[in-house]
Number of protein chains: 2
Amino acid sequence: MLAAERRDHLLALLANEGKIVAKDVAAGLGISEDSVRRDLRDLAAEGLCQRVYGGALPVSPAVVDYAARQAVTPDAKQKVASVAAGLVPPGGVLILDGGTTALAVARALPKDLACTVITHSPTIAAALLDHPQAEIFLLGGRIFKHSAVACGAAAVEAAQNVSADLCLLGVTGVHPEAGLTTGDAEEAAMKRALAARAAETYVLASSEKIGTASRFRVLPWAEVSGLITDADPHDAVIEQLKALGVEILAAD
Amino acid sequence: MLAAERRDHLLALLANEGKIVAKDVAAGLGISEDSVRRDLRDLAAEGLCQRVYGGALPVSPAVVDYAARQAVTPDAKQKVASVAAGLVPPGGVLILDGGTTALAVARALPKDLACTVITHSPTIAAALLDHPQAEIFLLGGRIFKHSAVACGAAAVEAAQNVSADLCLLGVTGVHPEAGLTTGDAEEAAMKRALAARAAETYVLASSEKIGTASRFRVLPWAEVSGLITDADPHDAVIEQLKALGVEILAAD
DNA sequence: ACGATACATGCAGAAACGTGCAAGAACAGG
DNA sequence: CCTGTTCTTGCACGTTTCTGCATGTATCGT
């Protein structure tokens with residue numbers, strides 16, 4: 001059995017049965033559990049399944065979204081979001097990325113702040129509906145289900161027509177050499193397009209992302225104004241970033 | 001049964017029944033009460049449920065509401081939405097307007113329907129995230145807070161670049177002479193732009209809108225394929241519309 | 001106040017996990 | 001055809017996580 005064939009088999013299984021039990025699949029196909037686990041790990045990295053103890057489950061944006069809406073935002077993200085929200089001046093124009101941290105920023109914006117928010121996330125646009133003074137501009141395009149944001153050519157094109165004072169970007173990896181990274185190429189391109197349209201770009205990264213890198217680069221450090229994080233300011237990685245000239249905004 | 005699966009099961013149970021009794025679940029799934037209690041403890045820690053003696057309850061009434069909102073949708077809109085959802089063929093391209101009735105349509109679409117939905121409503125885009133087979137295309141633009149949809153020049157321009165088989169339009173007034181009307185000029189223009197991009201246009205209108213007119217005209221009857229409503233087919237206004245050549249799809 | 005039930009905690013066996021390693025297959029270049 | 005490289009795969013190992021049970025404590029209903 002070819003590796004790619006196995007991969008398809010797993011995805012089909014996931015679609016048909018709604019779950020994968022590593023042990024059963026290994027026994028069924030006559031291969032080792034290690035291979036199954038490796039495949040699942042890869043699929044999960046690509047956002048095609050959700051890895052859980054014992055196997056995998058389908059990525060369920062509904063559940064994620066549902067959980068994100070109801071769950072108390074983790075403390076770290078909350079702190080980062082508060083600091084980020086403080087960067088937005090009255091009357092300012094903000095480009096806000098998608099993702100849970102950015103959503104926390106949207107919620108952290110003062111309810112009566114008169115500003116303009118440009119976003120490619122329908123979730124964030126919806127969250128800002130109860131900010132009566134905020135002008136919301138939505139960037140359209142094909143919705144990328146994994147992270148629930150508009151991506152692709154149309155979205156990038158739409159982004160070309162806006163300009164902003166500040167861009168707040170969420171990423172999955174923050175690494176001194178690799179720069180800012182994320183797990184999907186389309187998303188990386190979109191974030192790049194957003195950052196290019198703002199005078200200043202600040203990155204939102206809770207501490208667990210510091211020192212890690214994902215597959216696709218978003219931006220090098222030269223194009224980033226600063227990093228907003230709850231990580232220890234004396235952390236080795238943070239110190240390295242400071243040496244690179246990155247402004248560090250501590251959230252704690 | 002996977003641990004994560006069990007967790008989902010608990011959340012689903014919570015949403016559907018509004019409560020969880022640890023003992024019953026343990027017996028039902030054939031696992032120890034300890035495991036159930038541990039899961040509930042974890043879920044509570046994440047803010048996804050409220051732990052109580054003997055089991056758990058939803059964190060807030062809003063949670064049950066979220067799952068049950070489908071049912072909570074006024075009956076009339078629900079019926080209209082069901083009929084409308086039935087018009088969408090597998091593989092079809094649908095333009096879906098904003099508004100509560102259209103939202104009901106989005107929810108009424110079969111979860112595994114492979115179709116493309118084009119919308120200018122971030123709310124509807126978000127609601128469609130849990131339709132894994134649906135391709136979502138979001139039309140961007142300035143968000144009109146009143147109805148939470150993208151409107152204005154940018155949105156109309158974005159609409160020019162798409163084409164669809166079917167357009168489902170919500171309106172506030174349905175009148176034999178006035179045609180379809182709504183309360184805002186920008187919205188009316190946007191709806192017009194959407195209808196122009198689809199081969200067929202059907203209007204969603206629960207009975208209370210029949211025979212009324214708002215300030216701004218959306219479309220004349222000549223450009224509408226049909227009307228989906230729960231109003232009595234023998235209603236005087238409905239009869240008039242039939243005479244005008246409007247196809248009436250009764251929802252009851 | 002009492003018994004019954006639910007609970008948290010610690011513990012131990014089992015299962016799943018990640019990692020390093022080596023054997024083998026696939027492949028490119030000479 | 002041979003050789004070196006890369007990638008895949010299964011195995012072994014130590015580690016982490018899960019689960020059910022036992023224990024003692026807290027809470028509930030009567």
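Chain A is the first sequence line, chain B the second, and so forth, proteins listed ahead of strands; every chain is numbered from 1.
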- [ ] Decide yes or no on salt bridge (Lys or Arg N to Asp or Glu O under 4.0 Å) for A:Arg142 and B:Glu135, but give the supporting numbers first.
- [x] CA-CA 8 Å; A:Arg142 181 176 183 281; B:Glu135 166 92 13; 2.4 Å; yes

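Residue B:Arg6 contributes atom CZ, which lies 8 Å from atom C1' of D:dT19 at whole-angstrom precision. Distance A:Arg38 CZ to D:dC7 C1': 11 Å, rounded to the nearest Å. With rounding to whole Å, A:Arg51 atom CZ is found 14 Å from D:dT17 atom P. As a whole-Å value, the separation of A:Arg41 CZ from D:dT8 C1' is 13 Å. Atoms CZ (A:Arg37) and P (D:dT16) sit 16 Å apart, rounded to a whole Å. Taking atom CG of B:Asp39 as the reference point, atom P of D:dT17 lies 16 Å away to the nearest angstrom.
Nucleotides of DNA chain C with any atom under 4.0 Å from a heavy atom of chain A span, from 5' to 3', C:dA15 to C:dT19.
If you check the side chains of A:His120 and A:Asp97, you find a donor sitting under 3.5 Å from an acceptor. A donor-acceptor contact closer than 3.5 angstrom is absent between the side chains of A:Thr181 and A:Arg217. A:Thr100 and A:Lys77 share a donor-acceptor pair across their side chains, judged by distance under 3.5 Å alone.
Taking the screw axis at each terminus of the helix from C:dA1-D:dT30 to C:dG30-D:dC1 from five consecutive base pairs, the angle between the two is 50° to within rounding of 10 degrees.
Within 4.0 Å of B:Gly55, counting heavy atoms only, lie sugar-phosphate atoms of the nucleic acid but no base atom. The residue B:Val52 sits close only to the backbone: its heavy atoms come under 4.0 Å of sugar-phosphate atoms, none of a base.
Atom NZ of B:Lys19 has 12 or fewer heavy atoms from other residues, nucleotides or ligands within 6.0 Å. With a 6.0 Å radius and a threshold of 12 heavy atoms from other residues, nucleotides or ligands, A:Glu157 has its CD atom at or below the threshold.
Residues forming a side chain to side chain contact (heavy atoms under 4.5 Å, CB included) with B:Ala45 (at least two apart in sequence, or on another chain): none. Listed by chain and number, the residues in a side chain to side chain donor-acceptor pair (under 3.5 Å) with A:Arg7 are A:Glu46 (sequence neighbours excluded). In this structure A:Leu11 satisfies the side chain to side chain contact (heavy atoms under 4.5 Å, CB included) test together with A:Leu43, A:Leu48, sequence neighbours excluded.
Distance from the side chain of A:Ser35 is smallest to D:dT9 among D:dT9, D:dT19, D:dA12.
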Hey, what are the protein-to-nucleotides 23-30 of chain D N/O distances that come in under 3.5 Å?
{"residue": "D:dT27", "atom": "O2", "partner": "B:Tyr53", "partner atom": "OH", "Å": "3.3"}

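With hydrogens and angles disregarded, no donor-acceptor distance shorter than 3.5 Å links the side chain of B:Arg37 to the backbone of B:Ser32.
When all heavy atoms are compared, the tightest approach of B:Val93 to B:Ala164 is O-CB, 3.5 Å.
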